[in-house]
Amino acid sequence: DYVGKGQVVVVDFWASWCSPCRREISGTLMEMHKKYDGKGLKILGVACWDKLEDTKKAIEELQIPWEQILDTQYIASDAYGFNAIPHIIVFSADGTILSRGLQGEELMAKVDELMAEKK
């Protein structure tokens with residue numbers, strides 16, 4: 001429903017109790033959203049391994065503006081084969097996985113590179 005639709009998609013698998021996840025959201029992903037929202041980049045949050053009410057509270061606390069898929073528990077981690085969060089997957093406009101596991105400056109550099117190629 002989200003990838004392969006002509007946009008670069010950054011999917012962030014996270015949980016409310018995960019401090020590194022919260023730092024990535026409030027830092028890199030928020031910066032990325034401000035820089036590229038409406039310019040061919042979509043960020044999607046996927047809450048896993050978390051209680052629904054805790055996820056909703058964290059979304060409000062962190063003021064996350066992008067779409068979220070809630071209460072996935074182990075479905076996402078089983079489907080994409082990861083066992084630690086945050087886990088971030090970058091998909092190309094055609095839906096191909098371009099990177100997995102990048103965070104911080106490395107993630108921003110990869111997205112900057114992809115967005116420059118789109119121009």
Side-chain angles (χ1 to χ4, degrees):
D1 289 345
Y2 296 94
V3 301
K5 309 281 186 195
Q7 296 186 90
V8 172
V9 180
V10 175
V11 182
D12 175 37
F13 299 92
W14 70 288
S16 65
W17 49 264
C18 169
S19 296
C21 297
R22 294 174 77 103
R23 278 193 304 273
E24 196 68 21
I25 289 167
S26 61
T28 307
L29 294 174
M30 200 63 76
E31 180 184 339
M32 191 179 296
H33 175 73
K34 288 175 184 170
K35 190 172 183 179
Y36 293 118
D37 185 44
K39 298 177 181 172
L41 176 81
K42 181 174 193 66
I43 300 173
L44 175 67
V46 179
C48 51
W49 316 337
D50 206 0
K51 294 179 183 169
L52 181 59
E53 60 272 13
D54 293 345
T55 301
K56 288 181 177 180
K57 182 179 178 189
I59 291 167
E60 188 175 310
E61 288 172 355
L62 296 168
Q63 299 180 2
I64 302 172
W66 50 87
E67 287 183 66
Q68 299 288 321
I69 299 175
L70 305 176
D71 203 23
T72 67
Q73 298 312 324
Y74 289 89
I75 296 168
S77 55
D78 289 349
Y80 287 100
F82 61 88
N83 59 12
I85 53 176
H87 187 78
I88 299 173
I89 300 177
V90 179
F91 292 88
S92 70
D94 69 4
T96 305
I97 294 176
L98 298 174
S99 73
R100 297 177 67 122
L102 296 179
Q103 295 179 33
E105 291 177 12
E106 290 179 330
L107 175 61
M108 185 57 94
K110 181 67 173 177
V111 170
D112 284 343
E113 173 190 321
L114 294 170
M115 296 307 290
E117 290 172 4
K118 280 184 66 86
K119 291 181 179 181

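Basis for what follows: all heavy atoms, side chains included, without hydrogens, waters or symmetry-related copies.
Two different hydrophobic clusters hold Leu107 and Val11 under the rule that ILVMFWY side chains link at heavy-atom gaps under 4.5 Å. Leu114 and Phe91 fall into different hydrophobic clusters, where Ile, Leu, Val, Met, Phe, Trp and Tyr side chains are chained together by heavy-atom contacts under 4.5 Å. Linking Ile, Leu, Val, Met, Phe, Trp and Tyr whenever their side-chain heavy atoms come within less than 4.5 Å puts Leu41 and Met108 in one cluster. Follow the hydrophobic side-chain contacts under 4.5 Å out from Ile43 and you never reach Val9; the two are in separate clusters. Residue Met32 is not grouped with residue Ile97 when hydrophobic side chains (ILVMFWY) are merged at heavy-atom distances under 4.5 angstrom, including chains of intermediate members.
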Test side-chain contact (heavy atoms from CB on, under 4.5 Å) applied to Lys57 and Asp54, step by step: CA-CA 5 Å; Lys57 182 179 178 189; Asp54 293 345; 5.6 Å; no

Worked check of side-chain contact (heavy atoms from CB on, under 4.5 Å) between Leu70 and Lys56: CA-CA 8 Å; Leu70 305 176; Lys56 288 181 177 180; 4.1 Å; yes

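Residues Leu44 and Val3 have side chains not in contact (no heavy-atom distance under 4.5 Å, counting atoms from C-beta outward). Considering only heavy atoms from C-beta on, Tyr2 comes within 4.5 Å of Ile69 through its side chain. With contacts defined as side-chain heavy-atom distances shorter than 4.5 Å, the pair Val10/Val111 qualifies. When side chains are defined from C-beta on, Asp112 counts as touching Lys35, because their heavy atoms get closer than 4.5 Å. Between Trp66 and Leu29, some side-chain heavy-atom pair lies under the 4.5 Å cut-off. Counting heavy atoms from C-beta outward, His87 and Tyr80 have side chains that stay 4.5 Å or more apart.
Closest of all the heavy-atom pairs between Pro86 and Gln103 is O-NE2, 3.4 Å. Taking both residues in full, the closest heavy atoms of Cys48 and Ala15 are given as O-CB, 3.3 Å, listed atom of the first, atom of the second, then distance.
Crowding of Asn83 atom CG: a count of heavy atoms from other residues, nucleotides or ligands under 6.0 Å not exceeding 12. More than 12 heavy atoms of other residues, nucleotides or ligands sit less than 6.0 Å from atom NZ of Lys110. Sparse packing is recorded around CD of Gln63, with 12 or fewer heavy atoms of other residues, nucleotides or ligands lying under 6.0 Å away. The local environment of CD in Glu106 is sparse, with at most 12 non-hydrogen atoms from other residues, nucleotides or ligands closer than 6.0 Å. The local environment of CD in Glu113 is crowded, with over 12 non-hydrogen atoms from other residues, nucleotides or ligands closer than 6.0 Å.
Using the six-membered ring where Trp is involved, Phe82 and Phe13 have ring planes that are tilted, between 30° and 60° apart.
Between the side chain of Thr72 and the backbone N or O of Ala47 there is at least one donor-acceptor pair closer than 3.5 Å. A distance-only check finds a donor-acceptor pair linking the side chain of Asp50 to the backbone of Ser16 [under 3.5 Å]. The main-chain N or O of Arg22 is found under 3.5 Å from a side-chain atom of Ser26 such that the two form a donor-acceptor pair. Put simply, the side chain of Trp17 gets close to the backbone of Trp49: a donor and an acceptor are under 3.5 Å apart.
Put simply, the residue from Ile64, Val46, Ile88 that forms a side chain to side chain contact (heavy atoms under 4.5 Å, CB included) with Trp14 is Ile64.
Rounding to the nearest 0.5 angstrom, the gap separating the CE atom in Met115 from the NZ atom in Lys39 is 8.5 Å. Separating the CD1 atom in Ile59 from the CD atom in Glu67 is a distance of 11.5 Å, to the nearest 0.5 Å. Glu105 contributes atom CD, which lies 8.0 Å from atom OG1 of Thr28 (distance to the nearest 0.5 angstrom). Remark: His33 NE2 to Lys42 NZ distance equals 10.0 Å, nearest 0.5 Å.
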